[in-house]
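Notes follow once the structure below has been shown.
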Amino acid sequence: MSKVRVRFAPSPTGFLHVGGARTALYNWLFARHHGGTFVLRIEDTDLARSTEESVRGILDGMRFLGLDWDEGPEVGGEYGPYFQTERLELYHKYVQQLMEAGRAYECFCTPEELEAQRQAQREQKLDIHYDGRCRHLTEEQKGAYRAEGRKPVVRFVSEKEGQTEIPDLIRGSVVFQNSQIDDFVIVKSDGVPTYNYAVVIDDALMEITHVVRGEDHIPNTPKQIQLYKALGFPIPEFAHIPMILGSDKTRLSKRHGATSVMQFHDEGYLADAMVNYLALLGWGYDDSQTLFSRDELIEKFSLERVSKNPAVFDFQKLQWMNGVYIRELTLDEFYDHAFPHLQKAGLVPAEPSEEEQQLIKTVLKELQSRVKLISEVVEMSRYFFTDDFPYNEEAVRKVLGKGDAKGVLEYLRAALASVSSFSHEELEPVFNGAMEEFDLKLGKVIQPLRVAVTGTNVSPGIYEVLEIVGQQRTLARIDRALDWIAQGE
RNA sequence: GCUCCCAUCGUCUAGGGGCCUAGGACAUCGCCCUCUCACGGCGAAGACAGGGGUUCAAAUCCCCUUGGGAGUACCA
């Protein structure tokens with residue numbers, strides 16, 4: 001096989017979404033696996049919808065996921081430029097070639113006329129195709145249209161006989177009857193090429209060897225193959241990967257939840273988890289492995305093993321996997337990820353002192369096995385960093401509202417006040433004492449204390465919590481809880 | 001409507017004629033650990049869409065039906 005060159009070619013009309021990210025990932029994995037080149041090309045020929053902001057968003061998404069490109073925006077390369085709007089002369093050159101060869105012609109039909117044609121075809125239940133009426137316009141007729149002020153598009157003279165076969169690494173081969181392919185537009189009236197045309201010129205000129213893209217492009221492919229043939233370009237290999245669907249089995253979109261990669265980042269998903277999950281959405285290795293490091297992915301990925309059927313995006317599984325990756329982080333790494341969230345929430349100073357950092361790490365150590373999203377550290381740790389934490393209404397009512405609570409807390413208040421440190425050794429006898437005093441199980445003693453100190457009935461182990469919160473604040477919080485109980489009486 | 005793609009547990013998948021009384025993971029449900037939660041451990045339930053073939057033998061090959069998806073633009 002000649003040196004592998006693949007590309008990810010998004011159109012900058014929105015942020016990088018998970019579908020695009022997965023396509024980019026598969027291209028990237030394929031390139032890395034074969035020691036090939038991964039090209040990033042921006043398909044911005046839709047002048048009305050393309051924005052620079054989107055370009056930045058896509059680049060940010062790629063960087064977040066760690067999908068580095070060998071050629072493309074910011075890094076350049078020998079096959080540039082990598083923005084289609086900067087390649088206009090190239091496209092025009094080949095349009096000339098096509099026109100001279102009689103494989104393209106100007107069409108002056110207006111959108112309205114075309115719509116009327118389609119409508120008529122629909123009514124007669126005919127196949128909906130451009131009828132080729134402008135194919136043989138005389139110079140005179142063209143002149144007349146121009147005089148009217150009409151701006152022509154350029155259409156490709158498609159082959160109508162026979163069939164076109166798409167060689168597809170994932171699906172075997174897909175065959176289309178050429179009679180289905182009409183004279184499609186390759187240059188719009190504003191002179192900008194259409195997708196189907198530009199993509200062929202670019203993939204050919206950039207010497208792309210494997211076109212890996214979404215299944216939604218299958219119907220475009222025969223058109224593109226005809227173009228390759230008409231232009232005398234070698235035809236690349238194709239691999240059409242399945243769609244990603246939402247839980248209702250329709251194409252994944254915003255209404256199914258977050259789809260922007262950067263939104264996942266903001267919510268506390270780790271790049272490695274995203275990559276691992278996305279890789280598994282439509283690809284599987286064997287009958288047992290689900291966790292793959294990047295290197296393993298590169299080593300084991302192959303297009304042949306990509307699934308043919310569409311995959312439903314499972315937020316729960318992604319979340320589980322994110323939890324797995326969070327637990328694998330070293331404490332320092334977890335700190336680096338969590339700190340911005342804590343800081344943004346105002347729970348920790350922007351530039352914490354050494355002791356403050358230590359405290360944060362002590363807290364995070366307790367949280368690491370409990371969060372599935374990094375962002376969850378904020379609400380899970382609030383009571384460690386501030387006395388201004390909310391009472392979880394239901395938990396408080398359930399635990400502090402019980403008859404035992406008052407007596408237990410009063411007992412603990414006194415006992416804990418007389419202890420010299422909040423170490424496990426000093427604390428344990430206190431709890432034992434309370435258990436005896438009230439003839440309660442440990443849980444019944446601890447829950448009121450937990451709620452008093454954290455405002456909720458779910459927290460890390462009580463010894464850890466008390467040690468971090470410390471004696472003074474613990475006593476104050478017990479007082480607050482006692483007040484709450486008193487108010488209810 | 002027409003064209004094309006697809007079809008194994010709720011979800012992602014393993015399976016490419018006998019190894020399948022169909023394996024794994026998430027989710028679900030039990031149990032264990034246990035001060036709550038999480039983590040961890042153990043276990044349960046759960047699928048070859050239907051019908052025809054081919055074959056000694058089919059989840060695996062072929063056909064049809066059904067179901068889902070995509071495309072049908074001067075969007076990409």
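Just so we're on the same page: letters track the sequence lines, and every chain starts at 1.
- Figure legend: cation-pi geometry between A:R171 and A:F238 absent, as NZ or CZ is not positioned both under 6.0 Å from the six-membered ring centre and within 45° of its axis.
- Applying the 3.5 Å distance criterion, the base of B:rC35 shares a donor-acceptor pair with the side chain of A:R450.
- Summarising the geometry of A:R22 relative to A:L278, their closest heavy-atom pair is CG-O, 3.5 Å, with the distance given to 0.1 Å.
- Rounded to whole angstrom, the span from the CG atom of A:D203 across to the P atom of B:rA76 amounts to 15 Å.
- Considering only side-chain N and O atoms, A:K188 lies under 4.0 angstrom from the phosphate OP1 or OP2 of B:rA76.
- Between A:R327 and B:rG40, a side-chain N or O to OP1/OP2 separation shorter than 4.0 Å is present.
- Atom pair A:N276:CG and B:rU13:P shows a separation of 14 Å (rounding to whole Å applied).
- Comparing B:rU36 with B:rC19, their P atoms sit 47 Å apart, to the nearest whole Å.
- Between A:I170 and A:T194, the residue whose closest nucleotide on RNA chain B is further toward the 5' end is A:I170.
- Counting heavy atoms of neighbouring residues, nucleotides and ligands inside a 6.0 Å radius, atom NZ of A:K300 exceeds 12 of them.
- For the OP1/OP2 pair of B:rU36 and a distance below 4.0 Å, the side-chain nitrogens and oxygens of A:K398 include no atom meeting the criterion.
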Atom pairs under 3.5 Å, N or O on each side, protein against nucleotides 64-73 of chain B: can you list them with distances?
| residue | atom | partner | partner atom | Å |
| --- | --- | --- | --- | --- |
| B:rG71 | OP1 | A:R251 | NH1 | 3.2 |

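- One N or O donor and one acceptor, one from the side chain of A:R370 and one from the base of B:rC37, sit under 3.5 Å apart.
- Side chain A:S189 to base B:rC74: a donor-acceptor pair is found below 3.5 Å.
- OP1 or OP2 of B:rG15 has at least one side-chain nitrogen or oxygen of A:R305 nearer than 4.0 Å.
- Among pairs with a residue in residues 424-436 of chain A, none fulfils salt bridge (charged side-chain N to carboxylate O under 4.0 Å, His left out), at least two apart in sequence or across chains.
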Please list each protein N or O that sits under 3.5 Å from an N or O in nucleotides 25-31 of chain B, with the distance.
| residue | atom | partner | partner atom | Å |
| --- | --- | --- | --- | --- |
| B:rA25 | N3 | A:K317 | NZ | 3.0 |
| B:rC26 | O2' | A:K317 | N | 3.4 |

